[in-house]
Amino acid sequence: MTLSSDDQSVRPPPCPMLEPGKHLNNSLHQYSSTECNDYKEDCTDSAVFGAVEPPRRSRGRLLLHGLVMFGREFCYAVEAAFVTPVLLSVGLPRSLYSLVWLISPILGFLLPPIIGSASDYCRSRWGRRRPYILSLGILMLLGLTLFLNGDAVVSEISSDRSQRRTWAIVVVMLGVVLFDFAADFIDGPIKAYLFDVCSHQDKERGLHYHALLTGLGGAFGYLVGAMDWGHSVLGQLLGSEYQVIYFFSALTWSIFLTVHLFSIPEQPLDKDPFDSDLSPPSALRMLGNHCSGYGTLSKEPVLRVSISDVRPRSFSALGEANSVTSSAKQPNKEAQKRMTFSSLMKTIATMPNHYRSLCVSHLLGWTAFLCNMLFFTDFMGQIVYRGNPYAEHNSTSYLIYEQGIEVGCWGLCINAVSSALYSYVQHFLLPYVGLKGLYFIGYFVFGLGTSLIGLFPNIVATLILCSVFGVMSSTLYTIPFNLIAEYQHEEQEQVARQGNKEPPRGTGVDCAALTCMVQLAQIIVGLGLGALVNLAGSVIVVVLSASAVSLFGCIFIAVFIRSVE
């Protein structure tokens, strides 16, 4: 295996040699009955529990890997800025506009753990994570197409106004559900992909590059949304402002998803290199395929295992251990055992307390963040600018509302830029306050800022305070996953010290558990926020709710989140 200067792996120890002068069959039989079983155990444990460290990755490869977050957040920015205005403009009643967020997260709350566990066991030749990332990426593109083009397509097909309104709502909502479903799902496999192919030192670097590119992607997405494309050359050429935004979004996502998928190769989870039936033919095959060079037999055969046959360490060691060690100990049974939904739910329910507390704090953070972000442009249009989204589209009230939407996009652009900047500030704060301190700061700053926006809803103060949104965004995208990496690193060190053969938890499952909290937060927001808006009679309640939940999250972090040395 040829290694570049940037990717330096730790090679496994050489395998034992057969004694010279003995007959080959006797030697193979003797080895297969004693040393080979022990060797299988040693090599299996080494491959799974960390003897083979993934290679160090260059900065360029980590940046290429993180570009998918730029594209994802670019599209997310378009969705966050335009979903509510688009739905209201096609005639969706105010009492139902928060319910559009329910369908996707209900599915998403149930399925991400299944996806995470399935990717832990995926045996595709292209790797474990990338097939899922590609499939979800295509679904994102399809949802984006329906969401931004549904109204125009229905208008061309139907001439009946009432029928056109109904179908426009259905198509736009279907696009939102598909996009949101895929965009939320894809985060877990992306993070697990990063953890699988990077050494422990590169994980933190990779997550910070993800946060940086997430902020930049959001900034560019909101910037595109803030432009008046309707009167531009592109707007006249493509038909409308939404078609221009769709063109930029689809192009950005397609390019950066492709770059991500080819950034760092994955090691496939192939079939077991060790055959449990060690008859002479299978032993010869093992010797030819795994031990000596290219199947040749010398007078003094040396049992060697290619470094490509010993899979690099995966932090999804749950899947590795089940698929490798089970075959060594149970010769005639299927090596991999996929989790059922009930067993997976039991795994999540019985997770260690510090993992469970991390999931709860992540739920609180995303509930507060989504309360504010999903309806912020509508808040700007209705509360700050006092426009009316239900007025006739050529009326002054509706034009004022659209102006508020554009200024809201500028505010969200400020949020994205501050998120990118804060991801670098975290590097300097980390040695002084630690991961738990950064977690607390993110929630506290966001809670304080949103409370001020709700109490003083004027243009200047709101735009300035939009910078605190970026602090929360960067915190949610980095700190929980950093804590997972640190928790699992501690567990692996403990396994190494104690010589315990129990496999650690799978990263795919843990990342998916955090993704579940995002879905659950969206369900809470979808069910509760519409009722709160109707009860209060004003959308100002969205930012005040975000502030209250975030400040409660600060208390939870201070009491329940375990700090890491």
Side-chain angles (χ1 to χ4, degrees), residues 64-87 90 100-101 103-105 107-108 111-112 115 119 124 126-127 129-154 156 167-191 193 210 213-214 216-225 229 234 237-263 374 416 515 518-519 522:
L64 291 176
H65 187 276
L67 281 176
V68 70
M69 301 305 294
F70 183 102
R72 174 178 177 265
E73 198 64 21
F74 187 102
C75 298
Y76 247 148
V78 170
E79 184 202 35
F82 289 102
V83 162
T84 301
V86 167
L87 287 172
V90 297
V100 70
W101 305 109
I103 304 173
S104 169
L107 294 174
L111 293 180
I115 295 292
S119 68
S124 168
W126 206 35
R129 317 298 180 184
R130 289 188 291 179
Y132 292 92
I133 294 172
L134 176 61
S135 301
L136 293 170
I138 294 173
L139 280 181
M140 278 183 62
L141 190 59
L142 177 60
L144 196 68
T145 303
L146 295 177
F147 156 51
L148 289 175
N149 299 288
D151 190 22
V153 171
V154 171
E156 293 294 329
W167 278 107
I169 292 174
V170 170
V171 172
V172 170
M173 287 185 67
L174 178 61
V176 172
V177 168
L178 276 178
F179 175 85
D180 207 49
F181 173 84
D184 287 342
F185 260 52
I186 205 171
D187 189 54
I190 287 173
K191 293 296 191 300
Y193 178 17
H210 278 205
L213 292 166
T214 294
L216 292 177
F220 279 93
Y222 292 123
L223 188 62
V224 168
W229 297 107
L234 275 177
L237 180 64
L238 296 178
S240 73
E241 180 178 19
Y242 290 150
Q243 273 69 59
V244 176
I245 294 172
Y246 168 73
F247 169 76
F248 284 117
S249 301
L251 182 65
T252 301
W253 175 241
S254 300
I255 292 175
F256 288 166
L257 175 64
T258 303
V259 171
H260 168 75
L261 292 173
F262 290 95
S263 59
L374 294 181
T515 304
V518 182
Q519 309 301 322
Q522 202 165 315

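Starting from 1, each residue takes its place in the sequence as its number. Heavy atoms only: backbone and side chains are in, while hydrogens, waters and symmetry mates are out.
With hydrogens and angles disregarded, a donor-acceptor distance shorter than 3.5 Å links the side chain of W253 to the backbone of G137. Under a 3.5 Å cut-off, the side chain of H260 and the backbone N or O of H65 do form a donor-acceptor pair. In terms of modelled atom types and a separation under 3.5 Å, the side chain of R130 and the main chain of L261 share a donor-acceptor contact. With W229 contributing its side chain and V224 its backbone, the two residues share a donor-acceptor pair below 3.5 Å.
Residue F74 holds its CZ atom at 14.0 Å from CG of L213, rounded to the nearest 0.5 Å. The CG atom of L134 lies 8.5 Å from the OG1 atom of T258; values are rounded to the nearest 0.5 Å. In this structure, I190 CD1 and M69 CE are separated by 5.5 Å, a value rounded to the nearest 0.5 Å. Taken to the nearest 0.5 Å, the CG atom of L237 stands 9.5 Å off from the CZ atom of F247. With rounding to the nearest 0.5 angstrom, the CZ atom of F179 is 10.0 Å from the CG atom of L141. If you take CG on L136 and CG on D187, they are separated by 11.0 Å, rounding to the nearest 0.5 Å.
The ring-ring contact (aromatic ring centres under 6.0 Å, His included) check on F70 picks up F220, F256, with sequence neighbours excluded. Considering only residues two or more places apart in sequence or on other chains, F82 meets the ring-ring contact (aromatic ring centres under 6.0 Å, His included) condition with Y242.
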- side-chain contact (heavy atoms from CB on, under 4.5 Å) assessment of F147 paired with S249: CA-CA 12 Å; F147 156 51; S249 301; over 6 Å; no
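Residues L144 and C75 come closest through the heavy atom pair CD2-SG, 4.0 Å. Heavy atoms only, all atoms of each residue included: A77 and G218 are closest at CB-O, 3.7 Å. Residues P189 and I133 come closest through the heavy atom pair CB-CG1, 3.8 Å. The nearest pair of heavy atoms linking M140 to A182 is CG-CB, 3.5 Å. Between Q243 and L148, the shortest heavy-atom distance links the atoms NE2-O, 3.5 Å. What you find for L257 and V68 is that their closest heavy atoms are CD1-CG2, 4.1 Å.
For the side chain to side chain contact (heavy atoms under 4.5 Å, CB included) with Y246, the lone residue among L251, V78, T145, L238 that qualifies is T145.
No side-chain heavy atom of Y132 sits under 4.5 Å from any side-chain heavy atom of I186. Using a 4.5 Å cut-off on side-chain heavy atoms (C-beta onward), E73 and H210 make no contact.
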